[in-house]
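In each ligand, atom 1 is the first atom listed, and ligand 1 is the first ligand listed. This structure is a prediction, so every number in the text was calculated from the model and none was measured.
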Amino acid sequence: MYLGQSVNLIYYNNPTMLRDLSKYNRSYSYAELDVNDVVENPINQFVNWIDFAEESGVDDFNAMILSTVGESGKSSSRAVLLKGVSEEGFIFYSNYSSKKGQQIKNNPNVSVVFFWSKLDRQIRIEGIIEKLSSTVSDNYFNSRAVDSQIGSIISPQSQIIPSRDFLNEKMEELKESLHNRKLIRPIFWGGYIIKPNLFEFWQGRADRLSDRIQYRLEEGKWLIERLAP
Ligand SMILES: Cc1cc2nc3c(=O)[nH]c(=O)nc-3n(C[C@H](O)[C@H](O)[C@H](O)COP(=O)(O)O)c2cc1C
């Protein structure tokens with residue numbers, strides 16, 4: 001357990017390099033960012049940026065890397081798709097019994113990061129996660145294509161499975177037993193909302209001197225600050 005303890009890190013002296021990637025670094029020049037360029041509310045600022053990413057044709061602009069921390073204090077990251085932004089926060093859907101689901105149960109502190117290479121932009125968000133109500137999750141589940149519904153029902157996400165056939169067989173079984181019946185959202189699958197308490201909007205600049213504008217929630221108010229790159 002490393003929770004709350006400081007640790008003496010080992011100095012690793014002799015990495016056996018398989019690839020040297022140190023020559024790959026480009027100069028960022030797409031835009032600049034100043035505290036005067038951003039709006040008061042960071043969720044609105046996020047909406048401005050994600051709208052722009054969509055308009056600019058950024059691939060997978062709605063994909064975010066979600067990090068969670070388990071009981072042991074170990075962190076774990078994976079991509080999920082942002083499905084909506086509300087005044088309260090950021091919505092995505094997943095399997096509540098998955099690895100992330102288990103970690104979230106133990107620790108609701110999560111963070112996400114978006115990186116849009118085409119715009120030299122990164123957004124970091126930290127917050128507290130909650131489950132969406134069953135009504136909201138039902139509505140989203142019912143809006144999904146039947147094959148996606150089946151996928152979320154039959155896949156025991158994050159568990160070890162014997163083969164691809166295991167999934168194919170479960171899929172076929174469920175399809176055959178359906179007879180045009182409507183599928184119902186399983187209780188182990190549904191939505192989450194991340195309620196943010198920290199944002200950072202990063203705009204890459206030349207010479208690694210990028211612009212970083214942070215929003216920090218203090219006593220219910222968002223403070224806007226510039227961070228050193
Ligand atoms: C671009 C992209 C989008 C994804 N979107 C989702 C998603 O919205 N929900 C989800 O549960 N998994 C999504 N996945 C799969 C996850 O990255 C991950 O494999 C899965 O959720 C299991 O993670 P876990 O074992 O840490 O719980 C996505 C993967 C990629 C690459």
Side-chain angles (χ1 to χ4, degrees), residues 2-3 43 46-47 49-86 88-119 121-168 170-171 174 183-196:
Y2 295 111
L3 291 173
I43 298 191
F46 177 87
V47 170
W49 270 28
I50 201 161
D51 283 351
F52 188 69
E54 183 182 15
E55 285 160 24
S56 308
V58 172
D59 284 339
D60 301 318
F61 68 94
N62 58 334
M64 54 187 188
I65 306 303
L66 165 76
S67 297
T68 51
V69 178
E71 207 176 8
S72 62
K74 284 188 188 172
S75 73
S76 180
S77 304
R78 79 291 287 157
V80 292
L81 290 184
L82 180 67
K83 292 291 174 176
V85 185
S86 76
E88 297 79 26
F90 300 89
I91 290 168
F92 69 94
Y93 289 84
S94 193
N95 185 311
Y96 292 144
S97 307
S98 63
K99 178 170 182 172
K100 77 182 85 50
Q102 301 290 341
Q103 294 198 322
I104 286 166
K105 241 188 251 168
N106 283 307
N107 187 338
N109 288 287
V110 302
S111 64
V112 293
V113 62
F114 293 82
F115 171 54
W116 300 322
S117 165
K118 191 173 182 182
L119 304 177
R121 283 182 176 173
Q122 172 182 249
I123 305 176
R124 293 165 67 178
I125 302 169
E126 296 177 11
I128 304 287
I129 197 164
E130 292 175 11
K131 276 185 182 174
L132 289 175
S133 73
S134 46
T135 313
V136 178
S137 291
D138 286 346
N139 288 341
Y140 175 68
F141 184 83
N142 295 338
S143 76
R144 299 181 88 203
V146 175
D147 283 355
S148 304
Q149 292 179 334
I150 293 176
S152 45
I153 292 171
I154 58 118
S155 173
Q157 194 178 59
S158 316
Q159 288 181 28
I160 294 168
I161 53 172
S163 61
R164 178 82 210 182
D165 284 347
F166 171 88
L167 294 176
N168 295 342
K170 277 182 161 259
M171 181 121 186
L174 184 53
L183 286 165
I184 295 172
R185 178 182 65 89
I187 50 164
F188 57 77
W189 191 94
Y192 287 106
I193 181 165
I194 302 170
K195 296 187 167 174

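Under the 3.5 Å distance criterion, the side-chain polar atoms of Gln122 are left unmatched by any main-chain donor or acceptor of Trp116.
Every pair tested for salt bridge (Lys or Arg N to Asp or Glu O under 4.0 Å) that includes a residue from residues 89-117 fails, sequence neighbours excluded, so the list is empty.
For the atom pair Ile65 CD1 and Phe115 CZ, the distance stands at 11.5 Å (nearest 0.5 Å). Considering CZ of Arg185 and OG1 of Thr135, their distance stands at 8.5 Å, rounded to 0.5 Å.
Geometrically, Lys83 does not engage Tyr93 in a cation-pi contact, judged by NZ or CZ lying under 6.0 Å from the ring centre and within 45° of the ring axis.
Heavy atoms only, all atoms of each residue included: Ser94 and Tyr192 are closest at CB-CE1, 4.3 Å.
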Are there any N/O pairs under 3.5 Å between ligand 1 and the protein, and if so, what are their distances?
| residue | atom | partner | partner atom | Å |
| --- | --- | --- | --- | --- |
| ligand 1 | 5 (N) | Leu81 | N | 3.3 |
| ligand 1 | 8 (O) | Leu81 | N | 3.0 |
| ligand 1 | 9 (N) | Tyr93 | O | 2.9 |
| ligand 1 | 11 (O) | Ser94 | OG | 2.7 |
| ligand 1 | 11 (O) | Gln157 | NE2 | 3.3 |
| ligand 1 | 14 (N) | Ala79 | O | 3.2 |
| ligand 1 | 17 (O) | Ala79 | N | 3.4 |
| ligand 1 | 17 (O) | Ala79 | O | 2.7 |
| ligand 1 | 21 (O) | Lys100 | NZ | 2.6 |
| ligand 1 | 21 (O) | Gln157 | NE2 | 3.2 |
| ligand 1 | 23 (O) | Lys100 | NZ | 3.3 |
| ligand 1 | 25 (O) | Ser158 | OG | 2.6 |
| ligand 1 | 26 (O) | Arg78 | NE | 2.7 |
| ligand 1 | 26 (O) | Arg78 | NH2 | 2.9 |
| ligand 1 | 27 (O) | Ser98 | OG | 3.3 |
| ligand 1 | 27 (O) | Lys99 | N | 3.3 |
| ligand 1 | 27 (O) | Lys100 | N | 2.9 |
| ligand 1 | 27 (O) | Lys100 | NZ | 2.9 |
| ligand 1 | 27 (O) | Ser158 | OG | 3.3 |

